[in-house]
Visitor: 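Here it is, the structure in full.
No hydrogens, no waters, no symmetry mates; every other heavy atom, side chains included, goes into these values. Both ligands and their constituent atoms are indexed starting at 1 by order of listing.
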Amino acid sequence: MSKTTFTTHHGMTDLLPGDIEQWQALESLIHETARRYHFQEIRTPVMEQTELIARGVGQLTDIVSKEMFTFDRGEDHYVLRPEGTAPVARAYVQNHLAQRGGTQRLYYIGPFFRAERPQKGRQRQFHQFGAELIGSSSAIADVEIIAFMTAIYRQIGIKNTTLKLNSVGDPATRDAYRKALHDYFRPLADKLSEISLNRLDVNPMRILDSKEDQDQPLKAAAPRITDYLSEKSREHFDAVKELLDRLDIPYEMDPFLVRGLDYYTETAFELVSPDIGSQDALGGGGRYDLLIEEVGGPPTPAVGFACGIERLMIACEALGITLAHPSGPDIYFVTRGEEAARWALEKMPELRNSGLVCTMDYAGRSLKAQMKDANRQQARFAVIIGEQELQENLFTLRDMVKSEEYQVTSDDIAGRVLS
Ligand code: AMP
């Protein structure tokens, strides 16, 4: 009978030792940067009610219409969260965070789920870090969010990026613009790609997202939303640009950056990289002044960003950036016989308490096999223990890097390794 083997779901991967160190180092860097920007971490469940995501992300988006992992339990409909902003908005309302006063500055790191066709930089379980600044409509908040996001890439050393910037205005702007787009594209309908044609009557702004070749010349001559901004939206956008200039954060205007999510208002931005392949967006975000009300809270302005960790890792690899190397143990106890193994087991806690990373053989292997294992694990020192060593309280401490040996007593091991 053949054995059944199991694999991860399509587009979901295991993160293994050897790679995980890079992830841990990145997470530390994000936590540290967040601390300096005075953002506080929030962790929400990976499941949310389907209705929250449908409202918060928008029924007409690809995410809601075809990419959700949904399941039902009794009368309840749930989804594995496809993004982080609607869940944070829900948490803000549910936990009355507004009552804590001032603005809420929240950030998160975690897994997200979208049933997309997997390819390089696009997975079904992927990871994002993101931040939300809730309770301010000031352009200063937009720029603080952008500064926080770009600071992370700058510190990692990913410099070859472009910040694309646009404004999608307020609801009145968008209504006028949708109509203008519809009027423009309608006579060109037979030239549009099928996917854009489907969007024409439902959400013509999404035609601007199209990557189809045949849509590009039609897009190029399309009306631009920045020509339709209300006076208030224009003032806000001008202030954002001026503040970015003052902070020396370069940007490029992208009139077609409308993003797929319905809750965005005013500023929209995306950080792209030429080093990560066709899925070139490292992250993006914008203002979403309508979302919190949409999910049951009071009208509350907010701005945020979300960035993909897998794509950040692809950029690091392309640029040869290593954030952390896997490190071996400080001490590997090589033991001969049961008594020696027990002694090592008892000795290790004391050494670990002084900060040393200790390990030993756990499978009763030969001395030769243990030395090989110590080498493979890149141990700095091996301590060799047998019956005689225990009787005499004199051990061989081998420096695996310098290939030198010292005779030490039990009490001297830590001092010698730490020296
Ligand atoms: P979005 O929530 O769609 O604005 O995505 C924000 C960022 O998350 C993108 O710029 C990507 O870096 C990353 N991202 C989104 N979807 C995926 C995915 N399916 N696989 C990997 N990364 C993703």
Visitor: Kindly assign one of parallel, tilted or perpendicular to the pair Y153 and F129, based on the angle between their ring planes and the thresholds 30° and 60°.
Guide: tilted
Visitor: Contact between ligand 1 and Q123 is defined here as a heavy atom of the residue under 4.0 Å from a ligand atom; is it met?
Guide: yes
Visitor: Heavy-atom distances under 4.0 Å are what count here, so tell me which part of I63 touches ligand 1: side chain, backbone, both or neither.
Guide: neither
Visitor: May I ask you to decide whether K179 forms a salt bridge with D183, counting only side-chain N to carboxylate O separations under 4.0 Å?
Guide: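 Salt bridge flag = yes for D183 with K179.
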Visitor: Could I get the full list of ring pair (Phe, Tyr, Trp, His ring centres under 6.0 Å) partners for Y92, not counting sequence neighbours?
Guide: none
Visitor: Number the atoms of ligand 1 from 1 as they appear, then name those within less than 4.0 Å of a heavy atom of R122, with their elements.
Guide: 18 (C), 19 (N), 20 (N), 21 (C)
Visitor: Please report whether ligand 1 has a polar contact with A281, defined as an N or O pair separated by less than 3.5 Å (distance criterion only).
Guide: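 Yes, there is a polar N/O contact under 3.5 Å.
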Visitor: Once you round to the nearest 0.5 Å, how far does CZ of R380 lie from NZ of K402?
Guide: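 The distance works out to 9.0 Å.
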Visitor: Any idea which of Q125, Q128, E116 brings a heavy atom closest to atom 5 (O) of ligand 1?
Guide: Q128
Visitor: Kindly determine whether E21 and H325 satisfy side-chain hydrogen bond (donor to acceptor under 3.5 Å, both in side chains), including the steps that lead there.
Guide: CA-CA 7 Å; E21 294 78 8; H325 294 280; over 6 Å; no
Visitor: If you measure from atom 21 (C) of ligand 1 to every heavy atom of G308, P118, G121, which option wins on shortest distance?
Guide: G121
Visitor: Does a salt bridge link R342 with E338, judged by any charged N lying under 4.0 Å from a carboxylate O?
Guide: yes
Visitor: Short N/O distance, under 3.5 Å, between E83 and ligand 1?
Guide: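 Checking ligand 1 against E83, no N or O pair falls under 3.5 Å apart.
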Visitor: Please say which of F148, Y108, Y264, F269 ends up in a ring pair (Phe, Tyr, Trp, His ring centres under 6.0 Å) with F305.
Guide: F148
Visitor: Using a 4.0 Å cut-off to any heavy atom of A306, which atoms of ligand 1 qualify?
Guide: 6 (C), 7 (C)
Visitor: Under 4.0 Å from a heavy atom of G283: which atoms of ligand 1 are those, numbered in the order shown and with their elements?
Guide: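 Result: 10 (O).
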